[in-house]
Amino acid sequence: MLGALRRYKHAPEYILAVNAGSSSIKAVVYETGGQLEVVCQCTIENIGQSSAILITQTTTNRDAAYLPVDVKTHPAAIVIIMGWINKQVETTNLLAIGHRIVHGGPQYYQPQVINDQLIADLQAFSSYDPDHLPNSIQLIKKFTSLYPNLPQVACFDTAFTHNLPRVAQILPIPRKYEQEGLRRYGFHGLSYSYLLSRLQELDAVAANGRVIFAHLGSGASLVAIRDGQPLDVTMGLTPASGIPMSTRSGDLDPGIAWYLHHKAGVSTIQFNNMVNHQSGLLGISETSADMKTLLLNEHNDVRAAEAVSLFCYQAKKAIGSMAAVMGGVETLVFSGGIGEKAPLIRARICEGLEFLGLELDEAGNNSNTPEISSHASRVSVRVIHTDEESVIAQQVSDVINNSSINKRGS
């Protein structure tokens with residue numbers, strides 16, 4: 001399969017990393033050979049909305065370009081994305097495509113080549129994650145129709161926390177349901193994998209200590225890591241669990257589902273839509289799921305103020321619980337769109353955590369310096385930009401170099 005590609009002996013070869021969300025797709029092209037290097041990247045945001053936009057960037061022109069687009073579905077978005085990418089590189093020199101797969105269920109977590117059996121299994125347990133898996137399956141099939149001979153690799157977001165301690169996996173429901181795969185999985189694994197490797201580069205001693213990563217974006221979660229191994233994570237069975245997010249509720253009293261069904265006739269489909277798309281920052285504020293917008297409005301809209309306050313409050317509680325799991329914390333890392341770009345949110349989350357020995361440097365935090373803790377702080381607080389696509393590309397490279405797919409072309 002790859003043999004035909006390798007006829008371009010002196011031509012550059014590429015890996016395409018695809019990171020699909022519920023309403024967005026980011027695609028990054030990496031040149032292989034030694035160290036993986038970014039060639040270009042293309043993102044479509046707000047798929048299915050009138051505000052859909054194409055964002056492109058190349059290494060020769062680092063200034064991002066923005067173009068409104070009319071795109072209703074993820075497969076349609078891929079056609080636009082690949083049309084642009086095809087103008088930047090020879091897509092005949094693509095070695096493979098890597099996909100971020102949010103949920104692999106109980107069976108899949110290691111990166112692997114996608115085949116018919118894997119697709120069938122992903123379809124069978126799409127109920128684990130109805131907001132991401134169906135879109136991912138559509139994208140895989142679309143790429144198959146566009147590039148039928150090109151290998152595709154699944155990279156699972158649940159891999160990083162797959163081997164949580166047993167006590168952190170168990171759900172307190174009848175044991176028989178565990179046989180159906182109902183357990184705590186944790187997500188944002190590709191991000192956490194990158195953050196841990198980056199922290200190891202910056203401070204190997206810190207990376208092997210007691211670390212909390214806070215991935216705060218449209219989806220948000222925190223993970224506790226001691227001695228390089230994850231011990232607990234805020235998300236559980238699905239990405240809707242944990243702390244409140246942009247449109248996801250986070251953890252809820254299970255009695256809410258019964259109450260809404262009994263009193264208002266809310267169906268399971270309606271309830272799932274509510275907790276994934278109508279809750280969190282959007283549900284509380286009733287105006288916006290965007291943290292930046294809420295911060296601008298919090299002084300004249302109590303709903304916006306309460307949405308921001310609850311987000312910070314729940315994140316602070318999560319840090320406390322993760323510290324309890326590890327017997328303390330030595331390093332706290334903020335990442336994700338909110339974690340990297342919202343100094344005020346970081347400050348509010350950290351306020352009151354002095355009992356852990358944590359103290360921010362106000363000037364450093366406000367200017368987004370890489371390390372934002374004060375010299376007196378016993379906890380190192382960092383801001384690290386995450387890069388899920390680079391992890392996808394590296395996993396794809398490892399898979400194709402170690403699998404029979406590569407050997408067929410040798």
Q.
Does anything in residues 86-115 form a salt bridge (Lys or Arg N to Asp or Glu O under 4.0 Å)? List the pairs, not counting sequence neighbours.
A. R100-D157
Q | K316 side-chain N/O to R348 backbone N/O, donor-acceptor pair under 3.5 Å | A | yes
Under 3.5 Å, which donor-acceptor pairs link side chains of residues 279-286 to any protein atom two or more places apart or in another chain?
| unit_1 | atom_1 | unit_2 | atom_2 | d |
| --- | --- | --- | --- | --- |
| S279 | OG | M274 | O | 2.6 |
| S285 | OG | L281 | O | 2.8 |
| S285 | OG | T287 | N | 3.2 |
| S285 | OG | T287 | OG1 | 3.4 |
| S285 | OG | S288 | N | 3.1 |
| S285 | OG | S288 | O | 3.0 |
| E286 | OE1 | R303 | NH1 | 3.1 |

Q. Between F143 and H99, does the ring centre distance come in under 6.0 Å?
A. yes
(Q) Once ring-ring contact (aromatic ring centres under 6.0 Å, His included) is applied, do any residues pair with H132, and if so which ones, sequence neighbours excluded? (A) none
(Q) Once salt bridge (charged side-chain N to carboxylate O under 4.0 Å, His left out) is applied, do any residues pair with E330, and if so which ones, sequence neighbours excluded? (A) R210
Q. What salt bridge (Lys or Arg N to Asp or Glu O under 4.0 Å) pairs are there with at least one residue in residues 14-32, not counting sequence neighbours?
A. K26-E389
Q) What's the verdict on side-chain hydrogen bond (donor to acceptor under 3.5 Å, both in side chains) for N272 and N276, showing C-alpha distance, side-chain angles and the deciding distance? A) CA-CA 6 Å; N272 181 72; N276 279 287; 3.1 Å; yes
Q: Compute the ring centroids of F156 and H103, then answer whether they are less than 6.0 Å apart.
A: no
Q | ring-ring contact (aromatic ring centres under 6.0 Å, His included) partners of residues 205-230, not counting sequence neighbours, each pair once | A | H188-H215
Could you tabulate the donor-acceptor pairs under 3.5 Å formed by side-chain atoms of residues 106-115, not counting sequence neighbours?
| unit_1 | atom_1 | unit_2 | atom_2 | d |
| --- | --- | --- | --- | --- |
| Y108 | OH | D121 | OD2 | 2.5 |
| Q112 | NE2 | Q110 | O | 3.1 |
| N115 | OD1 | Q117 | N | 3.2 |
| N115 | OD1 | L118 | N | 2.8 |

Please report, to 0.1 Å, the donor-acceptor pairs under 3.5 Å made by any side chain of residues 256-267, with sequence neighbours excluded.
| unit_1 | atom_1 | unit_2 | atom_2 | d |
| --- | --- | --- | --- | --- |
| H261 | ND1 | V266 | O | 3.2 |
| S267 | OG | Q270 | N | 3.1 |
| S267 | OG | Q270 | OE1 | 3.4 |

Q.
Is it true that, when you exclude E201 itself, more than 12 heavy atoms of the residues, nucleotides or ligands shown sit nearer than 6.0 Å to its CD?
A. yes
**Q.** Aromatic Y177 / basic R175 pairing, under 6.0 angstrom, 45° off normal
**A.** no
**Q.** Qualifying residues under salt bridge (charged side-chain N to carboxylate O under 4.0 Å, His left out), relative to E180, sequence neighbours excluded
**A.** none
(Q) Between D129 and P239, is there a side-chain heavy-atom distance shorter than 4.5 Å? (A) yes
Q | salt bridge (charged side-chain N to carboxylate O under 4.0 Å, His left out) partners of K72, counting only residues at least two apart | A | D70
**Q.** Of all pairs that satisfy side-chain hydrogen bond (donor to acceptor under 3.5 Å, both in side chains), the ones with a partner from residues 239-250, not counting sequence neighbours
**A.** none
Q. Can you list the residues that meet the side-chain hydrogen bond (donor to acceptor under 3.5 Å, both in side chains) rule with R184, with sequence neighbours excluded?
A. D232
